[in-house]
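FYI, the numbering just counts along the sequence from 1.
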Amino acid sequence: MRPADWWSIEILDAEHAVTSADQWRDAYAQTLVESAVTNGAVQWTWFEFAWGVVLEIAFRTESAWSAWRSLPGTRAALDAVPDPVSGLLVHRGHGGASGGYVPRLPRIAPSADRVALPEPAGA
(Lines give C-alpha, C1' and ligand atoms only; values in the text may rest on other atoms or scores of the structure.)
Protein backbone atom coordinates (compact mmCIF):
# COMPACT_ATOMS: atom_id res chain seq x y z
CA MET A 1 0.00 0.00 0.00
CA ARG A 2 1.24 3.47 -0.89
CA PRO A 3 2.18 5.73 2.06
CA ALA A 4 0.05 8.79 2.62
CA ASP A 5 1.07 12.23 1.37
CA TRP A 6 1.11 14.80 4.15
CA TRP A 7 0.01 18.38 3.54
CA SER A 8 0.17 21.36 5.88
CA ILE A 9 -2.18 24.29 6.16
CA GLU A 10 -0.65 27.01 8.34
CA ILE A 11 -2.88 29.82 9.57
CA LEU A 12 -1.01 32.79 11.00
CA ASP A 13 -2.34 35.34 13.46
CA ALA A 14 -2.62 38.91 12.21
CA GLU A 15 -2.46 42.09 14.28
CA HIS A 16 -5.15 43.85 12.25
CA ALA A 17 -7.56 40.88 12.15
CA VAL A 18 -10.80 40.68 14.10
CA THR A 19 -10.32 36.96 14.83
CA SER A 20 -7.29 34.93 15.81
CA ALA A 21 -6.06 31.71 14.23
CA ASP A 22 -7.36 29.82 17.29
CA GLN A 23 -10.83 31.29 16.79
CA TRP A 24 -10.69 30.41 13.10
CA ARG A 25 -9.82 26.81 14.00
CA ASP A 26 -12.68 26.66 16.51
CA ALA A 27 -15.09 27.82 13.81
CA TYR A 28 -13.90 25.59 10.93
CA ALA A 29 -12.12 22.53 12.38
CA GLN A 30 -15.13 20.22 12.47
CA THR A 31 -16.25 21.09 8.95
CA LEU A 32 -12.74 20.73 7.49
CA VAL A 33 -12.03 17.40 9.19
CA GLU A 34 -15.43 15.89 8.37
CA SER A 35 -15.15 16.83 4.70
CA ALA A 36 -11.54 15.60 4.58
CA VAL A 37 -12.43 12.20 6.04
CA THR A 38 -15.38 11.75 3.69
CA ASN A 39 -13.07 12.64 0.79
CA GLY A 40 -10.24 10.23 1.58
CA ALA A 41 -8.10 11.71 4.37
CA VAL A 42 -6.42 8.97 6.36
CA GLN A 43 -4.99 11.05 9.18
CA TRP A 44 -4.97 14.63 10.48
CA THR A 45 -3.50 16.59 13.37
CA TRP A 46 -3.90 20.13 14.66
CA PHE A 47 -0.97 22.00 16.19
CA GLU A 48 -1.12 25.23 18.14
CA PHE A 49 1.77 27.68 18.17
CA ALA A 50 2.31 31.18 19.54
CA TRP A 51 2.01 32.53 15.97
CA GLY A 52 -1.05 30.52 14.83
CA VAL A 53 -2.27 27.02 14.09
CA VAL A 54 -1.35 24.23 11.68
CA LEU A 55 -3.55 21.49 10.24
CA GLU A 56 -1.47 18.59 8.99
CA ILE A 57 -3.55 16.24 6.88
CA ALA A 58 -2.70 13.07 4.96
CA PHE A 59 -4.34 11.70 1.82
CA ARG A 60 -3.42 8.51 -0.02
CA THR A 61 -3.20 10.30 -3.37
CA GLU A 62 -2.53 13.78 -4.59
CA SER A 63 -5.77 13.69 -6.56
CA ALA A 64 -7.73 13.09 -3.32
CA TRP A 65 -5.97 16.09 -1.78
CA SER A 66 -6.73 18.23 -4.83
CA ALA A 67 -10.37 17.18 -4.83
CA TRP A 68 -10.76 18.06 -1.13
CA ARG A 69 -8.83 21.32 -1.55
CA SER A 70 -11.18 22.42 -4.34
CA LEU A 71 -14.42 21.71 -2.46
CA PRO A 72 -16.49 24.87 -1.91
CA GLY A 73 -16.52 24.34 1.88
CA THR A 74 -12.74 23.96 2.04
CA ARG A 75 -12.20 26.99 -0.14
CA ALA A 76 -14.63 29.06 1.93
CA ALA A 77 -12.88 28.07 5.19
CA LEU A 78 -9.46 28.98 3.80
CA ASP A 79 -10.81 32.26 2.42
CA ALA A 80 -11.98 33.11 5.96
CA VAL A 81 -8.57 32.91 7.69
CA PRO A 82 -7.68 35.99 9.78
CA ASP A 83 -5.25 37.28 7.12
CA PRO A 84 -6.06 35.72 3.72
CA VAL A 85 -3.31 37.69 1.95
CA SER A 86 -0.23 36.75 3.97
CA GLY A 87 -1.56 34.59 6.80
CA LEU A 88 -2.22 31.33 4.94
CA LEU A 89 0.47 28.86 3.90
CA VAL A 90 -0.45 25.61 2.15
CA HIS A 91 2.32 23.18 1.27
CA ARG A 92 3.24 19.52 0.99
CA GLY A 93 4.83 17.90 4.02
CA HIS A 94 4.82 18.63 7.71
CA GLY A 95 5.02 22.25 8.75
CA GLY A 96 5.26 24.69 11.59
CA ALA A 97 7.39 22.44 13.75
CA SER A 98 10.84 23.80 13.02
CA GLY A 99 11.00 25.40 16.46
CA GLY A 100 11.26 28.95 17.60
CA TYR A 101 13.79 31.41 16.33
CA VAL A 102 16.95 31.37 18.41
CA PRO A 103 19.53 33.98 17.46
CA ARG A 104 23.12 32.87 17.18
CA LEU A 105 25.56 34.05 19.80
CA PRO A 106 28.32 36.31 18.50
CA ARG A 107 31.36 34.31 17.51
CA ILE A 108 34.67 34.96 19.17
CA ALA A 109 36.94 36.83 16.84
CA PRO A 110 40.12 35.09 15.69
CA SER A 111 43.04 35.47 18.08
CA ALA A 112 44.83 37.81 15.65
CA ASP A 113 42.19 40.42 16.45
CA ARG A 114 43.22 40.36 20.10
CA VAL A 115 46.90 41.19 19.58
CA ALA A 116 47.81 44.70 20.68
CA LEU A 117 49.00 46.93 17.85
CA PRO A 118 52.32 48.75 18.29
CA GLU A 119 52.14 52.42 19.22
CA PRO A 120 52.90 54.80 16.32
CA ALA A 121 56.50 56.02 16.39
CA GLY A 122 57.34 59.69 16.79
CA ALA A 123 54.03 60.96 18.01
Side-chain angles (χ1 to χ4, degrees):
M1 182 176 265
R2 185 178 187 279
D5 286 332
W6 281 93
W7 296 83
S8 292
I9 301 172
E10 301 185 27
I11 295 85
L12 311 177
D13 285 323
E15 291 181 27
H16 63 277
V18 176
T19 61
S20 68
D22 286 335
Q23 292 169 324
W24 176 88
R25 183 196 56 209
D26 292 343
Y28 293 98
Q30 183 175 350
T31 303
L32 288 172
V33 171
E34 283 180 7
S35 68
V37 170
T38 58
N39 285 279
V42 293
Q43 200 170 355
W44 69 92
T45 308
W46 285 96
F47 293 98
E48 192 173 319
F49 296 95
W51 46 261
V53 296
V54 176
L55 170 60
E56 289 184 355
I57 192 162
F59 287 87
R60 287 275 178 228
T61 64
E62 189 169 348
S63 61
W65 156 260
S66 296
W68 176 76
R69 177 70 175 85
S70 64
L71 290 173
T74 304
R75 290 181 17 222
L78 296 181
D79 287 345
V81 299
D83 183 0
V85 175
S86 58
L88 174 64
L89 305 170
V90 179
H91 57 88
R92 175 178 256 140
H94 298 284
S98 63
Y101 171 73
V102 178
R104 292 185 190 180
L105 296 174
R107 294 186 349 172
I108 298 174
S111 59
D113 286 351
R114 288 187 234 142
V115 175
L117 297 174
E119 292 295 321

> Any salt bridge (Lys or Arg N to Asp or Glu O under 4.0 Å) pairs touching residues 34-50, not counting sequence neighbours?
Replying inline: R25-E48

Specify the closest pair of heavy atoms between [X] and [Y], including all atoms of both residues, with the distance to one decimal.
X: W51; Y: E10; result: CH2-OE1, 3.7 Å
X: P82; Y: A21; result: CG-N, 3.8 Å
X: L88; Y: L78; result: CD2-O, 3.8 Å
X: R69; Y: R75; result: O-CG, 3.4 Å

> Just how far is it from atom CH2 of W7 to atom CZ of R92, taken to the nearest 0.5 Å?
Replying inline: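 These two atoms lie 4.0 Å from each other.
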
>> To the closest 0.5 Å, what do you measure between CG (L89) and CD1 (I11)?
In response: 8.5 Å

> Does the separation of the ring centres of W68 and F59 fall below 6.0 angstrom?
Replying inline: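 For W68 and F59, the ring centres are under 6.0 Å apart.
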
>> Test of understanding: with ring-ring contact (aromatic ring centres under 6.0 Å, His included), list the residues that count as partners of W44, not counting sequence neighbours.
In response: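 For W44, no residue satisfies ring-ring contact (aromatic ring centres under 6.0 Å, His included) once neighbours in sequence are set aside.
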
> Is W24 reaching over with its side chain to a backbone N or O of A77, donor-acceptor style, under 3.5 angstrom?
Replying inline: yes

> Should N39 and V37 count as side-chain neighbours, where that means a heavy-atom distance under 4.5 Å?
Replying inline: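 A side-chain contact under 4.5 Å is absent here.
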
>> Do V42 and W65 sit in one hydrophobic cluster, given that two such residues count as connected whenever their side-chain heavy atoms are within less than 4.5 Å of each other, even indirectly?
In response: no

